[in-house]
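None of these values were measured; they are calculated from a predicted model.
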Protein chains: 2
Amino acid sequence: MKGRDVILGILQNKPRTGYEINEILQNQISYFYDGTYGMIYPTLKKLEREGKVKKETIIQDDKPNKNIFSITDEGKEELNEYLNSEDISEVFKSDFLMKLFFGDNLSKKQVVKLINKEIETKENQIQSLESSLKKWQLQGISDLQKITVGYGLAQYKAVVNYLKVQLKALED
Amino acid sequence: MKGRDVILGILQNKPRTGYEINEILQNQISYFYDGTYGMIYPTLKKLEREGKVKKETIIQDDKPNKNIFSITDEGKEELNEYLNSEDISEVFKSDFLMKLFFGDNLSKKQVVKLINKEIETKENQIQSLESSLKKWQLQGISDLQKITVGYGLAQYKAVVNYLKVQLKALED
DNA sequence: CCGCCCATGTAAATGGTTACATGATTCA
DNA sequence: TGAATCATGTAACCATTTACATGGGCGG
């Protein structure tokens with residue numbers, strides 16, 4: 001999955017600014033994709049050149065001007081092509097696992113610290129996902145989207161439980 | 001985490017060829033990193049230029065010649081720097097979640113198919129991880145490495161369980 | 001005789017990161 | 001007064017992917 005697919009997906013619902021797209025990336029779908037401004041604006045530009053999205057500029061006196069992007073028919077076509085494609089590959093890269101795996105010369109203390117940090121990180125992610133979920137439920141979220149959030153939570157929680165058990169085992 | 005870190009980590013144990021590094025990537029640590037020849041050979045070349053690894057060529061008559069790479073002191077230094085660095089960021093990108101999240105116009109049948117495919121994929125990953133684990137336990141695997149494998153399994157299994165529950169709910 | 005295992009690499013393109021650059025408004 | 005929110009973008013660099021290119025040995 002590429003940045004362009006995600007952006008087209010977001011614009012499918014309604015037109016957005018680059019800023020708003022970033023908000024959604026950071027707050028709503030960060031558990032299965034992450035992207036930054038450095039990707040968003042160049043990609044929007046490219047999509048516009050290709051006729052997949054169109055831009056409307058709103059002059060604002062109080063705030064900086066807005067560029068609102070909406071998806072075109074060609075854009076919808078590309079999105080549907082992606083949505084109907086067969087492959088569901090995934091990428092998972094974990095510095096935590098890497099450090100444990102190759103950390104032969106880490107002291108027990110360092111290992112415990114590392115695991116605790118991972119637990120803390122995951123617990124934060126769980127908290128923010130859960131509080132977001134509550135917010136979205138008020139505003140309406142589709143059943144499918146609920147399933148994806150649940151997936152994220154299930155994954156995070158399983159890891160936290162597992163690591164807590166391992167920590168205890170290490171301390172004995 | 002970058003390819004170079006992983007390669008240095010692998011060479012820490014013992015010298016290896018590019019081919020062997022690829023085997024380890026595909027079979028032993030694919031649940032937290034993935035890399036291909038297109039990354040391995042260029043990275044080895046760069047590491048060699050930087051003095052982080054050194055190459056020894058073994059002439060073989062029956063098979064193609066081997067280039068065996070071993071880690072140098074400078075290489076170990078870089079690896080330890082990485083291992084002792086603070087951040088444990090992770091990357092997770094999932095086409096499956098993306099397709100569900102944006103798949104408003106998918107039919108129920110398509111959704112069921114999609115979920116089943118994800119379950120199948122994960123079950124295969126669980127199987128291969130479990131059979132690998134058995135193999136490694138005969139040859140010796142560190143406690144920390146066991147923890148990482150367990151982490152991968154816990155994560156995969158949680159997702160499979162979750163998706164099976166959701167499937168049932170969908171079918172009612 | 002076919003396919004898998006062993007074994008090495010390059011070149012071009014892509015996609016994305018990082019760092020930089022700017023600036024008004026609002027709230028505590 | 002300083003941080004957060006809203007708002008946009010570029011340029012250089014980087015790491016990796018994809019596609020290509022080669023070839024002998026071995027087992028069934």
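In summary, contact between chain A and DNA chain C, defined as any nucleotide atom under 4.0 Å from a heavy atom of the protein, begins and ends at C:dG15 to C:dT25 in the 5' to 3' direction.
When the P atom of D:dC6 is taken as reference, atom CD1 of A:I68 falls 14 Å away, rounded to whole Å. Spacing between atom CG of B:D34 and atom P of D:dT16 amounts to 10 Å, rounded to whole angstrom units. For the pair B:Y37 OH and D:dG23 C1', the computed distance is 14 Å after rounding to whole Å. Taking atom CG on A:N67 and atom P on D:dT10, their separation rounds to 11 Å, with Å as the unit. In this entry the distance linking CD1 of A:I59 with C1' of D:dT8 reads 13 Å, nearest Å.
Using a cut-off of 4.0 Å between Lys/Arg side-chain N and Asp/Glu carboxylate O, A:K99 and A:E118 are scored as not salt-bridged.
Counting heavy-atom neighbours within 6.0 Å of A:K117 NZ, excluding the residue itself, gives a total above 12. No more than 12 heavy atoms of other residues, nucleotides or ligands lie within 6.0 Å of NZ in A:K46, so this atom counts as exposed by the packing criterion. Dense packing is recorded around CD of B:E50, with more than 12 heavy atoms of other residues, nucleotides or ligands lying under 6.0 Å away.
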Compile the donor-acceptor pairs under 3.5 Å between side chains in residues 36-43 of chain A and protein atoms, sequence neighbours left out, one pair per line.
{"from": "A:Y37", "atom 1": "OH", "to": "A:N22", "atom 2": "ND2", "distance (Å)": "3.3"}
{"from": "A:T43", "atom 1": "OG1", "to": "A:M39", "atom 2": "O", "distance (Å)": "2.6"}

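For an aromatic pair to be called close, the ring centres must be under 6.0 Å apart, and B:Y151 with A:F96 satisfies this.
For the segment residues 93-101 of chain A, the set of residues with a heavy atom within less than 4.0 Å of an atom of DNA chain D is empty. Taking a 4.0 Å limit (strictly below) on heavy-atom distances, residues 6-25 of chain A does not reach DNA chain C anywhere.
Clustering of Ile, Leu, Val, Met, Phe, Trp and Tyr by side-chain heavy atoms under 4.5 Å joins A:L138 with none of the others.
Side-chain nitrogen and oxygen atoms of A:K45 include at least one within less than 4.0 Å of the OP1 or OP2 phosphate oxygen of D:dT10. OP1 or OP2 of D:dT16 sits under 4.0 Å from a side-chain N or O of B:Y33.
Every pair tested for salt bridge (charged side-chain N to carboxylate O under 4.0 Å, His left out) that includes a residue from residues 8-29 of chain A fails, sequence neighbours excluded, so the list is empty.
Heavy atoms of A:F69 sit nowhere under 4.0 angstrom from any nucleic acid atom.
Residues A:L114 and A:L170 share a single hydrophobic cluster, defined by chaining ILVMFWY side chains whose heavy atoms lie under 4.5 Å apart. B:F92 and B:Y156 fall within a single hydrophobic cluster, where Ile, Leu, Val, Met, Phe, Trp and Tyr are joined by side-chain heavy atoms under 4.5 Å apart, directly or via other members.
Proximity note for A:Y41 (side chain, C-beta onward) versus D:dT17, D:dT8, D:dT16: the nearest is D:dT8. Here D:dA15 is the nucleotide among D:dT18, D:dT10, D:dA15 with the atom lying nearest to any side-chain atom of B:K46.
Within the model, atoms CZ of B:F69 and CG of B:L44 stand 4.5 Å from one another, a figure rounded to the nearest 0.5 Å.
The residue among A:R4 and B:K55 whose nearest nucleotide of DNA chain C lies closer to the 5′ end is B:K55.
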